[in-house]
Every structure is written in C-alpha cells, then in structure tokens.
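Since the structure comes first, as structure tokens, the remarks are kept for the end.
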Amino acid sequence: MTSTPRAARTRKTAEERRHEILRTAARLALERGLERTTMQQVADELGVRPGLIGHYFPSIDDLLCEAFACAVTGERESLLPAADAGLTPLRRLSRLLHRLNGQDFVDFGRLWLNARHLSRYRPTLRGVVAEQEAVMRDTLTAVIEDGVRSGDFSTPDPLGACLVILVAIDGLGAYANDEPHFTHPALDALVFTTAERELGLTAGMLRDAG
C-alpha cells in the first residue's frame, strides 16, 4: 500500500507574515473597532498561536497603531488610485469625492471616528492619527496645486482650500455611526459644493466631471 506524499508547506518570510498580520488586524479594526480587536482574535483568524502575533508586535498598542495606518493607507490609495494619475486634476478630485460618498467608505469613516476618540487616551495612536492626517492633507493639496497649474482650479491658497474640503468631509463622517443613517438634501451635495466654492468652480462641475 502506498501513501500519497504530503505537499511541502511553504514557510512565509518574516516580512510576509508581518504583512499578513497587519492586513488581518486592519480588517478586524474596520469591522469591529480598534478597541475590540485583540491579539487572540488576529491569531484565531490566521490559525496561529497568539505568541506569534506578539513576536512581531510586542504590545496591542503597537499592533493597533500599525493596523490603523495600514487601513487608512489602503483607503487613500483607493480614493486616489495610481490608475487615475493621468486624468486631469478636476476629474481626479471628482472621482475622489464620488468614492467618498460610496458605501464602501462608511467603515473607514467609522474607523477614523474610532481612532480620533481613542487617541485622546493613547498618545502613540494620537501620533499615528496626526501623521496620517498630514499625509492626506499633503496628498489632496498636491492635487489642488496641480489643478491650479493646469487652470482647472482657481485658489490663492491650495492648502487652505484642502483644509476646508477635509473639514466638510470629516463633518459628514461624524454621522457614520447613525442607525438608521441620517440624511438630508442639504447634506447630499455638501462636499461637492464646498469644494467647488473653494476652487473657483461653477456649481455642478465637480459632481459631473467624474
């Protein structure tokens, strides 16, 4: 009687395993919240012992801070994907705002609310939140500056316009946890109309450009 040889298991590199842990923790944080994500849950999801998670992340704070950064980096790349780089700044910004209005980004709104609340009590997380906010400001400001150079936008202060747009986005994000979801016609186009006003565009240009 012959036996079927077992397929050799491929051992993950340290970098691959670390990235796998981060991706899993980021997904759990999006689904459940940062404070409800534990090393045990991440280990259970991956089918490994909690000690392995602790080998790569000595504390739960280390894991959650990096998981948050991983999640919002993915969000940013989804909002302004590399595939859109060849589009005009007007179309890039329009697509970003349309994507933000989609259901896919509701969980990201909740995650930002969650992280900002917890960062009041967790200094390390507060630093990570501030870093990610700065990256988003720089990224959006660069799109606006490109639009000013191309003639798509008109503003003497690209950073100032960026800040006003982000405040409008974050203001709507404050309703992310409402059940049932709160809505009103005055809010439906708020971010678009705010951005159009700040960038010297006529009404409807951003909404229609995507």
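Counting begins at 1 with the first residue of the sequence.
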Are Leu100 and Leu140 linked, directly or through intermediate hydrophobic residues, by side-chain heavy-atom contacts shorter than 4.5 Å (ILVMFWY only)? yes

For Glu196 and Leu206, indicate whether the former's side chain and the latter's backbone hold a donor-acceptor pair under 3.5 Å. yes

Output the distance between atom CG (Asp152) and atom OG (Ser94), rounded to the nearest 0.5 Å. 11.5 Å

Are any of the side-chain heavy atoms of Arg32 and Gln41 separated by less than 4.5 Å? yes

For Val143 and Pro89, which heavy atoms make the closest approach, and how far apart are they? O-CB, 3.8 Å

Is a donor on one side and an acceptor on the other found under 3.5 Å between the side chain of Asn114 and the backbone of Gly33? no

Gap between atom OG1 of Thr88 and atom CG of Asp146 - 0.5 Å precision: 10.5 Å

Counting neighbours of CZ on Arg36 that are heavy atoms of other residues, nucleotides or ligands and sit closer than 6.0 Å, is the number greater than 12? no

Working for side chain to side chain contact (heavy atoms under 4.5 Å, CB included), residues Val129 and Val72: CA-CA 10 Å; Val129 169; Val72 298; over 6 Å; no

Within one Ile-Leu-Val-Met-Phe-Trp-Tyr cluster: Val148 and Leu201, side-chain cutoff 4.5 Å: yes

Please answer whether the main-chain N or O of Gly173 pairs with a side-chain N or O of Asp170 as donor and acceptor at a distance below 3.5 Å. no

Is the number of heavy atoms from other residues, nucleotides or ligands under 6.0 Å of Arg49 CZ greater than 12? no

Give a yes or no on whether the backbone of Leu118 and the side-chain of Glu35 come within a donor-acceptor separation of less than 3.5 Å. no

Do Ser59 side-chain atoms and Asp62 backbone N/O form a donor-acceptor pair below 3.5 Å? yes

Are any non-hydrogen side-chain atoms of Leu80 and Arg95 less than 4.5 angstrom apart? no

Can you give me the closest heavy-atom contact between Leu111 and Ala29, atom names plus distance? CD1-O, 4.0 Å

Determine whether a donor-acceptor pair (N or O, by modelled atom type, separation under 3.5 Å) exists between the side chain of Glu16 and the backbone of Thr13. yes

Interatomic spacing from CZ in Arg27 to CG in Asp107 - rounded to 0.5 Å: 12.0 Å

Between Ala67 and Ala26 the two heavy atoms that sit nearest each other are O-CB, 3.5 Å

Linking I/L/V/M/F/W/Y whenever their side-chain heavy atoms sit closer than 4.5 Å, directly or via other members, would Phe153 and Met136 fall into one cluster? yes

Glu198 vs Thr155 side-chain heavy atoms within contact, under 4.5 Å: no

Check the hydrophobic clustering (I, L, V, M, F, W, Y; side-chain heavy atoms under 4.5 Å; chains of links allowed) and say if Val191 and Met205 are grouped together. yes

I'd like to check Ile144 versus Ile165 (side-chain heavy atoms, cut-off strictly below 4.5 Å). Are they in contact? yes

Nearest-0.5 Å distance that lies between atom CZ in Arg149 and atom CD in Glu145: 6.0 Å

Report the C-alpha distance between Thr193 and Arg197 in whole Å, list the side-chain angles of each, state the deciding distance to 0.1 Å, and finish with yes or no for side chain to side chain contact (heavy atoms under 4.5 Å, CB included). CA-CA 6 Å; Thr193 56; Arg197 183 187 66 243; 5.7 Å; no

Does one side chain, of Arg76 or Gln132, offer a donor that lies under 3.5 Å from an acceptor on the other? yes

Does the pair Phe57 and Val42 meet the rule for a side chain to side chain contact (heavy atoms under 4.5 Å, CB included), with working shown? CA-CA 12 Å; Phe57 300 93; Val42 175; over 6 Å; no

Given the rule in the salt bridge (charged side-chain N to carboxylate O under 4.0 Å, His left out) test, do Glu133 and Arg116 qualify, once you have shown the distances and angles that lead to the verdict? CA-CA 11 Å; Glu133 288 175 334; Arg116 284 168 171 151; 2.9 Å; yes

Decide, yes or no, whether a salt bridge links Glu20 with Arg23 under the criterion of side-chain N to carboxylate O below 4.0 Å. no

If we only count heavy atoms from C-beta on, is the Arg99 to Pro81 side-chain gap below 4.5 Å? yes

When you measure from the centre of the six-membered ring of Phe192, is the NZ or CZ of Arg207 under 6.0 Å away and within 45° of the axis? yes

Could you state the interatomic distance from CG (Leu63) to CD1 (Ile60), rounded to the nearest 0.5 Å? 4.5 Å

Is any side-chain heavy atom of Lys12 closer than 4.5 Å to one of Arg18? no

Measure from the side-chain N and O atoms of Arg92 to the backbone N and O of Leu87, and report whether any donor-acceptor pair falls under 3.5 Å. no

Hey, any chance Val164 and Leu93 share a hydrophobic cluster, counting ILVMFWY side chains that come within less than 4.5 Å of each other, even indirectly? no

Measuring from atom CZ of Phe108 to atom CD of Glu75, what distance do you get when rounded to the nearest 0.5 angstrom? 5.5 Å

Distance-minimising heavy-atom pair for Ala161 and Leu199: CB-CD2, 3.9 Å

Relative to each other, are the rings of Trp112 and Phe68 parallel, tilted or perpendicular (30° and 60° limits)? perpendicular

Kindly indicate whether the side chain of Thr37, heavy atoms from C-beta on, has any atom under 4.5 Å from the side chain of Leu64. yes

Quick one: are Ile169 and Leu97 in side-chain contact, heavy atoms under 4.5 Å? yes

